[in-house]
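To start, the structure itself, in structure tokens.
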Amino acid sequence: MLDRAIIPNANTVVVLDFETTGLSPDMGDRAIEIGAVRIEQGEITGRFQALMNPGRRISSFIEDYTGITNHMLKEAPLCADVMCEFADFIKDYNLVAHNASFDKRFLDAELHKISRDYTGEFACSMLVARRLYQNAPDHKLGTLIKHANIPSEGTFHRALYDSEMTTKLWVSMLDVMQEQYGITKAPFKLLQTLAKTPKNSVRRLLERS
DNA sequence: TGCCAGGCCCTCTTTAGGGCCTT
């Protein structure tokens, strides 16, 4: 068990990304792949990647969008089995995702189906990037990776690759906070606060932190 | 078979509407 009273820093988190059958678990959509990277004190200490069989065919749009095919999912373990393992992986780490409200909905829905839970809190790399990279052309993950000069050679829209890229984006934003504001060990709570701060108040928040 | 979301954020705002972001 992590002692969250001792390690509440933003550089000790699990960064995760779901590929899914659609946009809304409330409308019956399911997860089809989970990818995640665990970092502790900024160093990668674990990775998780698994396809999962949602129990029905996925649309051609999702096959094209993700490169994940119905044939691949037919051979994959069931969502319940994968999510049980994933619940063990995230333990009580704090969690990060790009547009976290999306991934949180699917994590909550899939864990609810197997009567599992988690204690970590979410922070959203997209909302933080909107504050720290206000001049980016847009705040899609791929655009931000280019904007932050982060090398990328893989294929976006696969869960592990997107979680790897989100991890690099997250670390780059912690670097920005260190270089521009002298914040060396940003508390996770500060990143959550930053994500909700009006854009014209970002400098004031970080200068007093 | 066909259809579907939701939180954030800006503005021509708050008794609203629409774009952004995720699959």
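Quick note: numbers below take in every heavy atom, side chains included, and nothing from hydrogens, waters or symmetry partners. The chains referred to below are lettered A, B, ... by the order of the sequence lines, with proteins before strands, and numbering in each begins at 1.
Residues E19(A) and T66(A) bring no donor and acceptor atom of their side chains to less than 3.5 Å of each other.
As judged by a 4.0 angstrom heavy-atom cut-off over every strand, D103(A) is placed among residues making no nucleic acid contact. Residue contacts for T66(A): at a heavy-atom cut-off of 4.0 Å it reaches the sugar-phosphate backbone alone, with no base atom in range. Note on D17(A): only backbone sugar-phosphate atoms sit closer than 4.0 angstrom, heavy atoms only; bases stay farther off. Here M27(A) lies in heavy-atom contact (under 4.0 Å) with a base. A100(A) comes within 4.0 angstrom of no nucleic acid atom, judged by non-hydrogen atoms across all strands. F18(A) comes within contact range of the sugar-phosphate backbone alone, with a heavy-atom separation under 4.0 Å but no base atom that close. Residue L141(A) is classed as a sugar-phosphate contact, given heavy-atom separations below 4.0 Å to backbone atoms only. Nucleic acid contact class of D162(A) (heavy atoms, under 4.0 Å, all strands): sugar-phosphate only.
Under 4.0 angstrom from either OP1 or OP2 of dC20(B) there lies no side-chain N or O belonging to H139(A). For H98(A) and dC21(B), the shortest distance from a side-chain N or O to OP1 or OP2 is not below 4.0 Å. Remark: K199(A) is in phosphate contact with dC10(B), judged by side-chain N or O atoms under 4.0 Å from OP1 or OP2.
To the nearest whole angstrom, the two P atoms, one in dG2(B) and one in dG7(B), are 29 Å apart. One P atom belongs to dA5(B), the other to dT13(B), and the distance between them is 27 Å to the nearest Å. To the nearest whole angstrom, the two C1' atoms, one in dA16(B) and one in dT23(B), are 28 Å apart.
For R131(A), the listed nucleotide lying nearest its side chain is dC8(B); candidates were dT23(B), dC8(B), dT22(B). Looking at the side chain of S24(A), the nearest of the listed nucleotides dA5(B), dT23(B), dC21(B) is dA5(B). Here dT23(B) is the nucleotide among dC8(B), dT23(B), dC21(B) with the atom lying nearest to any side-chain atom of T20(A).
A 4.5 Å side-chain heavy-atom check between H98(A) and D17(A) finds every atom pair outside the cut-off. The shortest distance between side-chain heavy atoms of V14(A) and Y118(A) does not fall below 4.5 Å.
Rounded to an integer number of Å, the gap from R130(A) CZ to dC9(B) P is 6 Å. Per the geometry, CD1 belonging to I68(A) stands 10 Å off P belonging to dT23(B), to the nearest Å. Atom CD in E63(A) sits roughly 17 Å away from atom P in dT23(B) (whole-Å rounding).
The two atoms that bring F122(A) and Q192(A) nearest to each other are O-NE2, 3.0 Å, heavy atoms only.
Residue order along DNA chain B, read from the 5' end via each residue's closest nucleotide, puts D29(A) first among D29(A) and H157(A). Comparing K196(A) and Y65(A) against DNA chain B, the residue whose closest nucleotide sits nearer the 5' end is K196(A).
For D88(A) and R116(A), the salt-bridge test passes: some basic side-chain N is under 4.0 Å from an acidic carboxylate O.
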